[in-house]
Number of protein chains: 2
Amino acid sequence: MTKTASLTASRRNSVDDIVDHLYREITSLRLLPGTRISETDIASQFGVSRQPVRDAFRRLETMDLILVRPKKATEVKKFSMRAIEKSRFVRAAVEAAALRKAAELCDKAGGFELDSRIAMQHKALANEDYSGFGALDYAFHKAICEIGQVPFAFDIIKEEKEKVDRLCILGLSKERRMPQLIQDHEDIAAAIKAHDAEAAVAAGMRHLSRLDETIAAIQINSAAYFTDDA
Amino acid sequence: MTKTASLTASRRNSVDDIVDHLYREITSLRLLPGTRISETDIASQFGVSRQPVRDAFRRLETMDLILVRPKKATEVKKFSMRAIEKSRFVRAAVEAAALRKAAELCDKAGGFELDSRIAMQHKALANEDYSGFGALDYAFHKAICEIGQVPFAFDIIKEEKEKVDRLCILGLSKERRMPQLIQDHEDIAAAIKAHDAEAAVAAGMRHLSRLDETIAAIQINSAAYFTDDA
DNA sequence: GTATCCCAACTTGGATACAAGACTTGACTT
DNA sequence: AAGTCAAGTCTTGTATCCAAGTTGGGATAC
């Protein structure tokens, strides 16, 4: 989650619990876009009054996860292609910048780090551990940011990635895409190790573009979960 | 503040009014970082109960503008160099991507657009209209995004720019920097019109780096408004 | 049988009362 | 005179009540 994690740690009250719970429910798609949720329902689920739930709703609202329609109802926000394109653009820009830095600054230890992460991905593929691949994918991109000495870049990538990950649950299973994604990672790692910034960026953008196809397919198959804004 | 108190609470969503008001107060630095604000105080200022103010606080909290310390107090959040660096990185990455696209796609009309905006900036400089320069600066960067056909890129640039603008009020007056900034804009426009992406990015990064000096100076002179996190 | 209209039940928004933690200030003790 | 402890007053957190608007269903008229 975006917030200041270190500070919220000392603030474990019921509001945070409700926010966390609904955040997970929504991002995991257990609560589908368009689902109506009621303050009183959530309140009784947690055994508290409406007040903490209201606070939680305000936070989720500014996080753009729910849509509060006064006097009518509150529902899980639908996907917006406009928001997705914006998110994709940010991620592409940040990832490109991180890749350039990584290609410039990568040393032997960095190269080894990338290789070992890719090896773990191969192992996950061999073990058919599809659910664990997500974390390995995150770790790979995080390693790139660290090699490029732009650790905060991963914060942004993570934020944007999470937004889209929710969407991708609707798509095909990962197992078919995994070999392709690992191959992309190998291309990226090779370019970084060769200090070839442009090749690294090109490989990174190719990697990202896989997502576009997936999203396009989902948009067609699950049109009901999308707003018709753009 | 007192003049609009009862009027703004007319028939609009009072929560939005409170958020807007506090947002302006904070970003304009009329409310300095560290200033304590109380739910009951704001409530009586607006002539409403604590409830709408609480809702507003939740929104401002997720916007990272205030820090709510339960049972203690709520205060205007201080500047964090970590957050500023992150913001700078995002902006640099997005701006670089927009500049590359703009250099690729710029046509005659786009070049004219850039030139005319720069001409307006020269005029503002001649008229010593320092306060109006800010809007012209925004417009220039927005034009770049539009030429590059990435309109949402400006949304992000604007967001990040606003965060830092609050800080820059503490710095030196713009009048000394204006000629330099306009010169930067001319370099950027020339590179875009020449379809030289790398030169455009280089000029854009040089433009952004001016901010670093300003911020460094402010950090020293106004250390009280900064957290000591980074 | 169908269409229309009204009312009841649902939703969130706002106000108020009370609870609980933290800081301040004062008096009391040493 | 100085240190310590406790009460008071500040803060935000929570519960509950009422207001206002929308929706859907049931009853009634045709």
Side-chain angles (χ1 to χ4, degrees), chain A residues 3-4 6-23 25-26 31-78, chain B residues 4-23 25-26 31-78:
Chain A
K3 297 196 28 61
T4 51
S6 53
L7 283 170
T8 42
S10 60
R11 278 193 63 200
R12 292 308 306 184
N13 49 24
S14 60
V15 175
D16 293 317
D17 290 337
I18 297 168
V19 170
D20 285 351
H21 175 256
L22 288 176
Y23 180 89
E25 292 288 311
I26 293 172
L31 282 175
L32 289 168
T35 305
R36 283 165 64 148
I37 51 181
S38 156
E39 290 180 0
T40 50
D41 286 353
I42 306 294
S44 60
Q45 275 180 37
F46 277 79
V48 295
S49 78
R50 265 182 60 210
Q51 185 59 49
V53 181
R54 284 190 60 166
D55 291 349
F57 273 31
R58 289 298 166 284
R59 300 239 304 251
L60 292 163
E61 187 182 19
T62 58
M63 280 192 250
D64 237 52
L65 284 175
I66 66 175
L67 174 65
V68 178
R69 294 182 301 174
K71 314 297 176 69
K72 271 186 271 189
T74 299
E75 61 184 40
V76 179
K77 202 155 188 180
K78 296 189 176 184
Chain B
T4 55
S6 51
L7 284 174
T8 44
S10 57
R11 216 31 322 163
R12 211 45 166 186
N13 195 343
S14 61
V15 175
D16 293 329
D17 290 335
I18 298 169
V19 170
D20 285 351
H21 175 257
L22 288 176
Y23 180 89
E25 292 288 310
I26 292 172
L31 282 175
L32 289 169
T35 305
R36 284 165 63 146
I37 52 182
S38 154
E39 290 180 0
T40 50
D41 286 353
I42 307 294
S44 60
Q45 277 181 35
F46 277 80
V48 295
S49 77
R50 267 182 58 208
Q51 184 61 47
V53 181
R54 272 185 71 86
D55 291 349
F57 274 30
R58 288 297 164 282
R59 302 232 313 241
L60 292 163
E61 187 184 20
T62 57
M63 280 192 250
D64 238 51
L65 284 175
I66 65 175
L67 174 67
V68 178
R69 294 181 303 172
K71 314 297 178 68
K72 273 188 271 186
T74 298
E75 62 183 40
V76 179
K77 202 155 189 181
K78 296 191 176 184

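The model shown is predicted, which means the values in this text are computed figures rather than measured ones. Scope of the values below: all heavy atoms of this structure, side chains included, with no hydrogens, waters or symmetry mates. Per chain, numbering begins at 1; letters A, B, ... match sequence-line order.
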Go through [options] for me and flag the one nearest to the [X] side chain.
{"X": "B:P52", "options": "C:dA15, D:dG13, D:dT14", "value": "C:dA15"}
{"X": "A:S38", "options": "C:dT11, C:dG13, D:dT12", "value": "C:dT11"}
{"X": "B:R58", "options": "D:dA15, C:dG13, D:dG13", "value": "D:dG13"}
{"X": "A:E39", "options": "C:dC23, C:dT12, C:dG14", "value": "C:dT12"}

Find the distance [X]:[atom1] to [N]:[atom2] and express it as a whole number of Å.
{"X": "A:F57", "N": "C:dT11", "atom1": "CZ", "atom2": "P", "result": "11 Å"}
{"X": "A:R54", "N": "D:dC17", "atom1": "CZ", "atom2": "C1'", "result": "13 Å"}
{"X": "A:R36", "N": "D:dG24", "atom1": "CZ", "atom2": "P", "result": "7 Å"}
{"X": "A:R69", "N": "C:dC10", "atom1": "CZ", "atom2": "P", "result": "18 Å"}
{"X": "B:D55", "N": "C:dG13", "atom1": "CG", "atom2": "P", "result": "7 Å"}
{"X": "B:D17", "N": "C:dG13", "atom1": "CG", "atom2": "C1'", "result": "14 Å"}
{"X": "B:R50", "N": "D:dT12", "atom1": "CZ", "atom2": "P", "result": "7 Å"}
{"X": "A:K72", "N": "D:dG24", "atom1": "NZ", "atom2": "C1'", "result": "15 Å"}

Exercise. Can you find a pair of side-chain heavy atoms, one from B:R59 and one from B:D16, that are under 4.5 Å apart?
Worked result: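 Side-chain contact under 4.5 Å: yes.
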
For this session: Measure the CD-CG distance between B:E25 and B:L60 for me, rounded to the nearest 0.5 Å.
Result: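 Here the interatomic distance stands at 11.5 Å.
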
Problem set entry | Pairwise distance CG(B:L31) to CD1(B:I66) - rounded to 0.5 angstrom |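 Spacing of CG (B:L31) from CD1 (B:I66) equals 10.5 Å.
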
Exercise. In residues 41-48 of chain A, which ones come under 4.0 Å of DNA chain D, going by heavy atoms?
Worked result: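 A:V48 - these, ordered by number, are the residues of the stretch whose heavy atoms sit under 4.0 Å from the strand.
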
Problem set entry | Verdict with supporting geometry, B:H21 and B:I18, side-chain contact (heavy atoms from CB on, under 4.5 Å) | CA-CA 5 Å; B:H21 175 257; B:I18 298 169; 5.7 Å; no

Could you pull out every donor-acceptor pair under 3.5 Å between side chains of residues 67-77 of chain A and any protein atom, sequence neighbours left out?
residue : atom : partner : partner atom : Å
A:R69   : NH2  : A:E75   : OE1          : 3.4

Exercise. So which one's nearest nucleotide on DNA chain C is more toward 5', A:T74 or A:Q51?
Worked result: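 Its nearest nucleotide being more 5', the pick is A:T74.
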
For this session: Identify the heavy atoms of B:Y23 and B:L65 that sit nearest to each other, and give their distance.
Result: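 That closest heavy-atom pairing would be CD1-CD1, 3.4 Å.
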
Problem set entry | Shortest non-hydrogen separation from A:S14 to A:P52 and the atoms involved |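 For A:S14 versus A:P52, the nearest heavy atoms are OG-CB, 3.8 Å.
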
Exercise. Which residue lies toward the 5' end of DNA chain D, B:T40 or A:K71, if each is placed at its nearest nucleotide?
Worked result: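 Comparing both residues, the 5'-ward one is B:T40.
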
